[in-house]
There are 2 protein chains.
Amino acid sequence: MTGTGTQAAEKPRRRQARGERRIEQLLEAAAQVFQEVGYPAASTNGIARAAGVSPGTLYQFFPNKEALAVELGRRLMAELEQTHGRVLSGADTTRPLAEILDTVLDPLIAFNLGHPAFFVLIHGPEAPGEIVSDHEELHAVLQQQITDLVARRAPDLPIPELDRVSVMAFAIFRAGLALVMHSDGAQREGYIVELKSALHRYLAPVLGS
Amino acid sequence: MTGTGTQAAEKPRRRQARGERRIEQLLEAAAQVFQEVGYPAASTNGIARAAGVSPGTLYQFFPNKEALAVELGRRLMAELEQTHGRVLSGADTTRPLAEILDTVLDPLIAFNLGHPAFFVLIHGPEAPGEIVSDHEELHAVLQQQITDLVARRAPDLPIPELDRVSVMAFAIFRAGLALVMHSDGAQREGYIVELKSALHRYLAPVLGS
DNA sequence: GACAAATACGAGCGGTCGCTCACATTCTAT
DNA sequence: ATAGAATGTGAGCGACCGCTCGTATTTGTC
């Protein structure tokens, strides 16, 4: 796949090492600003300033603000899979439910705590009229992985119920994750336990203990 | 507190019937715009236009955009309590949990479906740096009522656990409500059932069936 | 060293935002 | 009838937005 010019032939844009470094700086700055003020309130000029470059330089590498968020999401998603393995799709669905939840949720929570921008990106853009493909894809990928996980655990579940349960489970996860993210110390530990309890109790009747 | 008679003695602003009507128009228009584009993206000029008045007229009655949201929240909250009675604080906690959930959730869901702006307002403003008192009060009032409800049902619950469970329950409710609001027809019915199931299963071990 | 491509700058364009203000109109109390 | 308060207008201010572009600098290649 990484061979000479197989897929990336559409953009023969040659990039210097300096450019690659700038891209990293910009994404890092974007992550910082996103988590500080949220995606909608984050300004491209502010991101450029945080990266120590001019606005023009930002647009040398990213066509617009959305592209910044999309690429950041891509990288975070890749890093999630790299550092924690295939968390969702690799889970052993024959284990007890509580164990599955631990092995799935702990890495996800840890990753979100370590990369708060990820949490910002999987929370909808709030404005309904936004360009749909914004963070929607990140959301959809995670949702699909959860649905697959549930389907593997309960293969005989009718499709509509499978979808409903999976969507609800993801919603509960995001809601609980928000509580975890906005607390700290002992409280945070408490919410983590609470989130696991909520999901366990919700899923046990459907997936078995 | 504010002494006898009307409580707004600090603002002896005399209001004509026309002014009262304008206020209604403006709040109605604000509710419309909020639910259409969300609170952050709603523009005061747009709200004024939707109400059929000039921007200056809007600021004749509301000092700023936030005041519009706050007053709208106040009125919606009042209407909720008026039309559905004291839904939360009046629930009979000696009934079976499933019944309590029905009597509490059905009015709340119906009200949100009938007043989508309410749903927008109880969803955080997304931007962390926002003026804190924005929708925060509405949120806090509902949270407190839920906590009281849980406390009445389980008086022996230690305070920290009471708080944690109540906050988590409210979070699950909001997450499920979002699914209900963004679906329709049979799917919506399904999510309503799912939300009730999730809350019942989550709360049953703590509150009893 | 020469030359083109890649990178970098930053003033500023066109736009929207929340909000203001000088002024006109309508209502109400006398 | 008339004064003064309440209501109404809408152009536009100042700030900020995402983004552009003419221009300057750095870099890789020969």
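By convention in this document, chain letters (A, B, ...) are assigned in the order of the sequence lines, proteins followed by strands, and residues within each chain are numbered from 1.
Rounded to whole angstrom, the span from the CZ atom of B:Arg21 across to the C1' atom of D:dA6 amounts to 13 Å. Rounding to whole angstrom units, CZ of residue B:Arg14 and C1' of C:dT28 are separated by 7 Å. Distance CZ (B:Arg22) to P (C:dT26): 12 Å, rounded to an integer number of Å. In this structure, CD of B:Glu66 is placed 13 Å from C1' of C:dG18, rounded to the nearest angstrom. Between the CD1 atom of A:Ile47 and the C1' atom of D:dC16 there is a distance of 15 Å, given to the nearest Å. The interatomic distance linking B:Gln60 (CD) with D:dT7 (C1') rounds to 6 Å, in whole Å. Between B:Phe62 atom CZ and D:dG8 atom C1' the separation is 16 Å, expressed in whole Å. Atom-to-atom, CG of B:Leu26 to C1' of C:dG18 comes out at 15 Å; the value is rounded to the nearest Å.
End-to-end axis angle for the helix from C:dG1-D:dC30 to C:dT30-D:dA1, using five pairs per end and rounding to 10°, comes out at 10°.
Proximity of A:Arg153 to A:Leu203: side-chain heavy atoms (C-beta onward) are nowhere separated by under 4.5 Å. Residues A:Arg75 and A:Glu79 have side chains not in contact (no heavy-atom distance under 4.5 Å, counting atoms from C-beta outward).
Comparing A:Arg18 and B:Lys65 along DNA chain C, the residue whose closest nucleotide (by nearest heavy atom) sits nearer the 5' end is A:Arg18. Between B:Pro55 and A:Glu20, the residue anchored closer to the 5' end of DNA chain C is A:Glu20, taking for each the nucleotide with the nearest heavy atom.
In this structure, A:Glu71 pairs ionically with A:Arg74, as a charged nitrogen and a carboxylate oxygen lie closer than 4.0 Å.
For the atom pair CE of A:Met181 and CD1 of A:Ile109, the computed distance is 10.0 Å after rounding to the nearest 0.5 Å.
Phosphate proximity of D:dT7 to B:Arg15: present, with a side-chain N or O under 4.0 Å from OP1 or OP2. For A:Ser54 and C:dG10, the shortest distance from a side-chain N or O to OP1 or OP2 is not below 4.0 Å. For D:dT20, neither phosphate oxygen OP1 nor OP2 lies less than 4.0 angstrom from any side-chain nitrogen or oxygen of A:Tyr59. For C:dC9, the OP1/OP2 oxygens have a side-chain nitrogen or oxygen of A:Thr57 closer than 4.0 Å.
In this model, no side-chain donor or acceptor of B:Asn45 finds a partner on the base of C:dC17 within 3.5 Å.
Residues that satisfy the side chain to side chain contact (heavy atoms under 4.5 Å, CB included) test with A:Lys65, not counting sequence neighbours, are A:Tyr39, A:Thr44.
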Please test B:Phe170 against B:Thr147 for side-chain contact (heavy atoms from CB on, under 4.5 Å), starting from the C-alpha separation and ending with a verdict.
CA-CA 9 Å; B:Phe170 189 22; B:Thr147 304; over 6 Å; no
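For the side-chain hydrogen bond (donor to acceptor under 3.5 Å, both in side chains) test with A:Arg22, the passing option among A:Gln25, A:Glu24, A:Glu20 is A:Gln25; the others fail.
For B:Arg152, the CZ atom is densely surrounded, since the number of other residues' heavy atoms within 6.0 Å is greater than 12.
In this structure, A:Ala51 reaches neither bases nor backbone, as no heavy-atom distance under 4.0 Å exists between it and the strands shown. Counting any heavy atom pair closer than 4.0 Å across all strands shown, B:Gly56 reaches a base atom. Among the atoms of the strands shown, only primed sugar atoms or phosphate atoms (P, OP1, OP2) are found under 4.0 Å from some heavy atom of B:Ala42. Backbone-only engagement by A:Ser43 is indicated by non-hydrogen atom pairs under 4.0 Å involving sugar-phosphate atoms exclusively.
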